[in-house]
Structures are given as structure tokens and as C-alpha cells.
**Q** 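I'd like to ask you about the structure that follows.
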Amino acid sequence: MADQAHNAQPSSVDGQTRRDFLLYATSAVGAVGTGIALWPFVHSMNPAADTLALSTTDVDISAIKPGQSVTVVWRGKPVFVRRRLPEEVAVAEQVNISELREPQKDSERAKKPEWLILIGVCTHLGCVPLGQKPADPKGEFGGWFCPCHGSHYDTSGRIRKGPAPANLPVPPYQFTSDTTVRIG
Amino acid sequence: MSDFKSNNKVVNWVEERLPIFSMMQHSAIEYPTPRNLNYWWNFGSLAAVMLIIMILTGLFLAMNYSSHTSLAFDSVERIMRDVNYGWLLRYLHANGASMFFILVYIHIFRGLYYGSYKAPREILWFLGIAIFLAMMATGFMGYVLPWGQMSFWGATVITNLFSAFPVVGDFIVTLLWGGFSVDNPTLNRFFALHFLLPFVIVGLVGMHVWALHTVKSNNPLGIDMKGPQDSIPFHPYYTIKDLYGVSLFMMFYLAVVFWAPNFFGEPDNYIPANPMVTPPHIVPEWYYLPFYAILRAFTMDLWIIPAKLQGVLAMFAAILILFALPWLDSSKVRSAKFRPLYRQFFWLFLVDCLILGYVGGKPAEGILIKVGQFCTAYYFGHFLVILPLLARIEKPKPLPASISQPVIKAAALGLMILVGLAGFTGQAQASGGEGPALKKPDAGFSWEGVFGRYDRPTLKRGWQVFHDVCSACHSMKLVAYRNLADIGFTADEIKEIAAEKEVQDGPNDEGAMFMRPARASDRIVAPFANEKAAMAANGGALPPDLSLMNKARTNGPYYVYSLMLGYEDAAPEGHPIPEGKSFNHYFPGNAISMPMVVSDDIVTYADGTKATKEQISKDVVTFLNWAAEPELDARKGMGAKVMIFLAVLTALLYALKRQIWKDVH
Ligand code: FES
């Protein structure tokens, strides 16, 4: 080794600077290039164009009676559509929102008070809360109850008790006619 | 190994428990390497880089691939069209396989030229052959996965090889298939094995490198390193030289990926697998062609050995004979530099392999059969007769005393191999393509050439032709209405276009299926409910799906363009055409079921362009090309940026390499 080592020594101080400069420049360019080259690999794991395009679901709401709920699939997740009774709406509207974990008025959450549309995924760790079927427990606030770790949601789908940090989210939707709603 | 010392406590703590730092120091930094290695010694590290790229791209492709016969083809097309950068990953992977073989073949022939298989490097050589065999198996199974026509028929032919063996043959074949033909079980197990084998290759490569580091590198002079003056440490000298080589190679590899991604592929593989119809020429991937030629060279039954078995045995023997090479060639001199006779026979052998490759890519007809047989005989003669004889009769030139004496460069040699290789791979392409010379539009197509892009107005007109004329009979299943945004339609226009057609949806709450207007996210609605309905409505002939038409025919765009304009009103003298068919100059066999549809003014262009039949054909071919290669603009755009980047990087690496090496030369 010892007698080869001198080979690695540049012949002058000038050469040393030039070599250092080249080394840093090349390493920098190479590192940037490798970094950029990784992006296509990572991005290929994001939703593909066809997945993104399948983002609307039409729901026929004509058959839903007051007090009833249906569950539909939107983007692979359950969406709750509940036709609320007037008293449920009234309870939801009377809540003092400053006491809520995520303060939101009921009117911000339902375009037509009668229809409440929510993504049925608990904001804690992703279970589907109970409360869609008549026999289901609806929790202490008459909305939904998540059995996984005990989160209670009210008749506006707002978190009232339990570990979940936020209200059940409202998906984008519009009423395309009196009897259909398009989610997404 | 024990001389490793560090000032870092953590490093020392790890080192005492797992001597990984001293191992790296020993085998990647200090590792004494002959100082005279030429650029042919770059190909080993290049192949290792290629292996890593193959595993990475393969991993991410596997995340989006479905190994079921009913989904495989479409899932590959979904990767090409919908998965983010999916086209890039797939083209990197598909062309990467060819690159891997190019690199490994050069690496093998370098070993043959410089006698790298001789003592004490026999095990190193064996491991290399094992890697080559594993690569062949992996490449073969990978080619089956897209489930196109070549995939299916390649799998059928290659698995049937095993049926040649007496007694156990049929048992083996059934076992490979998991059924009575190549089918879903076969595809599934090939996918599983295609995923596994690369990691076996990684293991073999590890052993290959281990053996290399035990016996040390051979070198262009083929003489042993006699002392420290003959060697230099691997780092920085060969790390920088290898990196420079990688950068140069990437330019070549990526140029293919961005500008000629289907160069090594077969158009037939863009047609979904059909167990009822074999394509006219089935050819394996180019890297198997020499062995394919050997397989076909045996045409006469001999005593109890049928020709089929002879061919199969010869094909396996052609590879296995490499294991005996260290003993067949018993000359004590390694490098062909000092073996005047061997050097000439080396080149003859290389030429022989190239001719075998050429023959393997052509239909087995006429003189080529004899050529293939002669070259097969020569192939084995080289190993079994010429090499043992040479070792006896050749008088080697005197060997230099040590490596540090100056050595000659091998630029001419490099050129020859590259030229040979170019001819070889070009050959794999040239199969098919008989028939009259194809027509081309006067001004060419806008998307051709290095900088060519799609012309939006042409695409829009082409869509109009497809929509008004072609789509009455032809489907385009792989393209969705939303994709039309790409050629300049607004979201509202797309909604309107989609809503012209109805698709089945459901079941609704009553459990009934119902029809609804198509949406942007739906695929272009086919004119017929299924293939049988399409055939019934078209006199028994199935109008092919047009999604991939331009890629699924040799010289696709020109072929389709010519076909549109190649009709005759009446069949010429001496070319009788059956009832209900039309005469077309460019259709194989001339009798085509599709009537002449393109004529002047068959459409009225929304943009006022005059609808001559040439204009119409050009427009629709442009649209079809977009349907087949929607990624083309993005691909070439990215290619230009990548090339500029690589040019800068390569220049920097070259300058750095010169700095580092300047005191050695
Ligand atoms: S997931 Fe609902 S409470 Fe934990």
C-alpha cells in the first residue's frame, strides 16, 4: 500500500484544488440526479389516473324514508346518507358549538338540513362507526358510535366524546335533481 | 484485515462486533487491482448496476401488475397509460433486459478473449455461467408476463422443449404448465419465479465477486500481478472509472428508452394472447437467437434419437459446454494478445455466434437451414476440436515480464464488437416486413424524429374521423373519454362526447342492471356488445380493436396509412378475391374484409381543412398513434432533459477520472 499511496497524491497544490472542485461538483450533480430519478418510482405509488377519475358516485335518495340511513361506496369508502328527522336537526342546531372539539355549525355540514351526508370513517383510526341500521347503538348523542375505541358522534356527525380528534368529514356533493345526489 | 483503525468510537464499537468496515476497506477500497485494465473490464460493474435497476423497476411494476390471464395484458397497458410514470418504469424494465444481456455478452466475450476462465479462475467462470443461465430463465419468464401473442407462444414453444425428453418429457411439461396448455396457472407461477430469480442472481453475483476477490482480476496481458508495482487500489481509480462507464452507458440505455422504446420488442406482443392463433413468425427475444438457431439445426432422426431431442440436447449443451472450457483450452497463456492463432479463431467464433443469431431470427427456410447447421457444427467444433488442438500446436508470443510495461489500447477491437452487436440486434427487428414498400405522407408525421411532437389540430381531426367513421365497427377499449383532454378537448366537450353513448351499470337497489349515459371516466364505448356480435355484424371477420394498432404491426403508422390508401376497386388480373372481400395492396394475402372506407370528403372537418383521402388517412393515423403511445410527448420531453443532464455528469466524471488517473498513466 505504502508505495502506491503516492499515486493518489496530486502533483501540486493547484492540482489538489482542481481535483477537490471536480470531486464536489461531480458528487453534487450525481446526488441531485439520483434524487430526481427516485421521484418517478415514488410517484408511481400514488393513485393512478384511472383511480382518480373514478371519483363520483350517484345516489338515488327517493326511497329513503325520514329517519332512515343508507351507506354507499365512494372512492372505496363508506358514505353515510341520513334523512334526518326534524327533532334530530333541532338537537344538532341547538348545540353550543364553542364546547365542541371541532367547532362547526350544523348548517356548515348539511346543504339541506334534512339530508346529512358524511364519510363514514372514524377520524380516530379508521373504523366504520355504528348507527346506520335501526338496531345499531347510536352513542350518547344519537348519531353514531364507533365500537373500536368508543367515539361518540352526534346527529350532525360531530365528535362529542371519545378519542377521535375531528368530526366525520363531509364529502363534496351536489343535488343533481330532487331525487339524486352526486358525491364527488 | 485486522489493520483497520478508526478514530470514531461508534465505528470501532460496530467493527468489534461486525467487521463490516474492515471488509469494505479491504474489498472495495484497498482491493489491489491490476493497473492496466482496459474499458472492457467495465462491463462487470455495469451489469451489476443493470441488475439493481432491473430489480427496482421490477419491484414497482409488480405493485401494479396482475398475474391473471384475464387481467395481465390490460394491467400492463394500465401501467403504460394511467400509473404515474408507469410508461417510464416499463420501458426501463423491458429495455433493461436487453441491455443486461448486451452487457453480459460483452463481459463473457471479454473473458473468452483474455482467457479469464483459466486457472485459478475456474469457479469464478462457473458462477458466471450460472448467472447467465439464471438470467435466461428470468428473461424468458418475464417476457411471458405481458401476456401478448409472443408471450403466449414463446411460453408454449419453450416449455414444449422439455417434451423432447423420452419417458419423463410429457410429465415435465404438464408440471410446468399446471394444466394441459399454457394458461393461468402457468402465468401465475412464472410471475412468482420471475420475482424470485433476480434475488438468486444477486446471491450468485455475491459469490462471483467473492471468488473474484479471492483470485483477483485477470488483465489484458493475462499475466499475474507480480508485486505492488503492478496494482493500484480499487478506490479511487476503478470506482471513478466504473462510474464514468456507468454514466456513458446510461446515455446509450436511456436514448433507447426515450426514443426507441420498442426497438427490441416484437409488434405481435401488443396483441393480446390468443391460444387459437399462432403468429406467422414466432421469434424469441434477440438474446436467445443463437441458441434458437442451434435448436433448429437438427432436422434428421438418427438411430434412436429423434431430431427434436437432438436439437434440445444441443441447445443445452451449447451453454453447458462452457463449463468444460477451462480444460478444453489447456494453453497456459491466457490473453489472446499473445496467442496469434487463438486470436483469429476467437473472432471466427464471435462471427459464428452472430451468424447463428441472424439465422435464429429468420424463418427456417432455404439456404439458411444449411447455414444454421454449418454454424452449429462450427460452434461445437470451436470448443471440441479447435481449442484443444490450438493448445498443442500454437506457439505463443513471449509474455512481458510484468504488467507495468506499457500496453496497447484495444479501440479497434471495441469498434468491431459494437458493429457486430448493432447488426445482430438490428436483425432481431428485421423479421417480417415483406410485401410492397409502404406509403408515407408527403410531409411525414409530425411526431417522428428526435424532437417530433403530436400536432393537436391533426389529432382533433383524427378523432373526428375515428368518431364519425372507424368507430362504427372498431372498438378502442384501452382509451377513456377523459384521455381526450390530452388532445385539446375541454371537460364539457368530453362530457358531451361521452354522453352520446350508453353503458351498462348496476345492479341498482332492485338488483337490475340498467343503461346510463357514459361518463368521462368510462372507456370509449365499443360499437358491439362483444366479439361474437362484432363478427356477426361484419360477415364473420372481427374488426380489430384500434387502441394499440400502430404498435401491433411492423412499421405500424406507415402500414395503417398504406392500408387506408391501398384499395383497388376491382381485384387486378390474376388475384382472385373471395366474395365479400376487397383487394388491398398492403394487407397480407390482399383479401381484406374491411371495405374501402376512406375517400375524399367522407368527413367534413370542423376546422375547415380540405378532407382529401390522404389528409384523412394522415389524420386518423396520427390519432391512432396517440391512442397507442399517449406518453410520446412526455417521453421525448423528459428524454431531452435527461440527456442534457447526463452529458454534464459524464463530462464531469471524465474530467475527474483524468485528474485521478493522471499520475498512473
Ligand atoms: S377508530 Fe373509532 S374510536 Fe378508534
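Letters go in sequence order (proteins before strands), and every chain restarts at 1. Because the structure is predicted, anything quoted here is derived from the model rather than measured.
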**Q** Are more than 12 heavy atoms from other residues, nucleotides or ligands located less than 6.0 Å from atom CZ of B:R516?
**A** yes
**Q** What part of B:L89 is in contact with chain A, defined as an atom under 4.5 angstrom from a non-hydrogen atom: side chain, backbone, both or neither?
**A** side chain
**Q** Are there more than 12 heavy atoms of other residues, nucleotides or ligands under 6.0 Å from atom CE of B:M515?
**A** yes
**Q** Please classify the contact of B:A480 with chain A as side chain, backbone, both or neither, using a heavy-atom distance under 4.5 Å.
**A** neither
**Q** Can you see which heavy atom on A:S44 is nearest to which on B:F60, and at what distance?
**A** OG-CD2, 3.5 Å
**Q** Using non-hydrogen atoms only, which part of B:N64 is less than 4.5 Å away from chain A: side chain, backbone, both, or neither?
**A** side chain
**Q** Within a radius of less than 6.0 Å around NZ of B:K226, do more than 12 heavy atoms belonging to other residues, nucleotides or ligands occur?
**A** yes
**Q** Has B:R635 got more than 12 heavy atoms of other residues, nucleotides or ligands less than 6.0 Å from its CZ?
**A** yes
**Q** Once you round to the nearest 0.5 Å, how far does CG of B:D82 lie from CG of A:L52?
**A** 9.5 Å
**Q** Does any backbone or side-chain atom of B:R519 lie under 4.5 Å from a heavy atom of chain A? Answer side chain, backbone, both or neither.
**A** side chain
**Q** About how many Å separate CZ of B:R658 and CZ of A:R19, when rounded to the nearest 0.5 Å?
**A** 14.5 Å
**Q** Go through B:R482 and A:D50 one step at a time and tell me if the side chain to side chain contact (heavy atoms under 4.5 Å, CB included) criterion holds.
**A** CA-CA 9 Å; B:R482 66 187 153 82; A:D50 60 334; 3.2 Å; yes
**Q** Any idea which heavy atoms bring B:L652 and A:L22 closest together, and the distance?
**A** CD2-CD2, 4.0 Å
**Q** So, for A:A53 and B:S521, which heavy atoms are closest and what is the spacing to 0.1 Å?
**A** O-CB, 3.4 Å
**Q** Is A:K112 atom NZ crowded by more than 12 heavy atoms from other residues, nucleotides or ligands, each under 6.0 Å away?
**A** yes
**Q** Given a strict heavy-atom distance threshold of 4.5 Å, which part of B:R78 is in contact with chain A: side chain, backbone, both, or neither?
**A** side chain
**Q** Considering all heavy atoms of both residues, which atom of B:N84 and which atom of A:H43 are nearest to each other, and what is their separation?
**A** ND2-O, 3.0 Å
**Q** Please classify the contact between B:L56 and chain A as side chain, backbone, both or neither, with a heavy-atom cut-off of under 4.5 Å.
**A** both
**Q** Under 4.5 Å heavy-atom distance to chain A, tell me which part of B:L656 shows up: side chain, backbone, both or neither.
**A** both
**Q** Where does B:T57 contact chain A at under 4.5 Å (heavy atoms): side chain, backbone, both or neither?
**A** both
**Q** Using a cut-off of 6.0 Å, state whether more than 12 heavy atoms not belonging to B:K477 lie near its atom NZ.
**A** no
**Q** Counting only heavy atoms not in B:K216, do more than 12 sit closer than 6.0 Å to its NZ atom?
**A** yes
**Q** Does some side-chain heavy atom of A:F41 sit less than 4.5 Å from a side-chain heavy atom of B:L59?
**A** no
**Q** If you compare all heavy atoms of A:T26 against all heavy atoms of B:L649, which two are closest, and at what distance to 0.1 Å?
**A** O-CD1, 4.1 Å
**Q** Taking atom CZ of B:F514 as the centre, does the number of heavy atoms from other residues, nucleotides or ligands within less than 6.0 Å exceed 12?
**A** yes
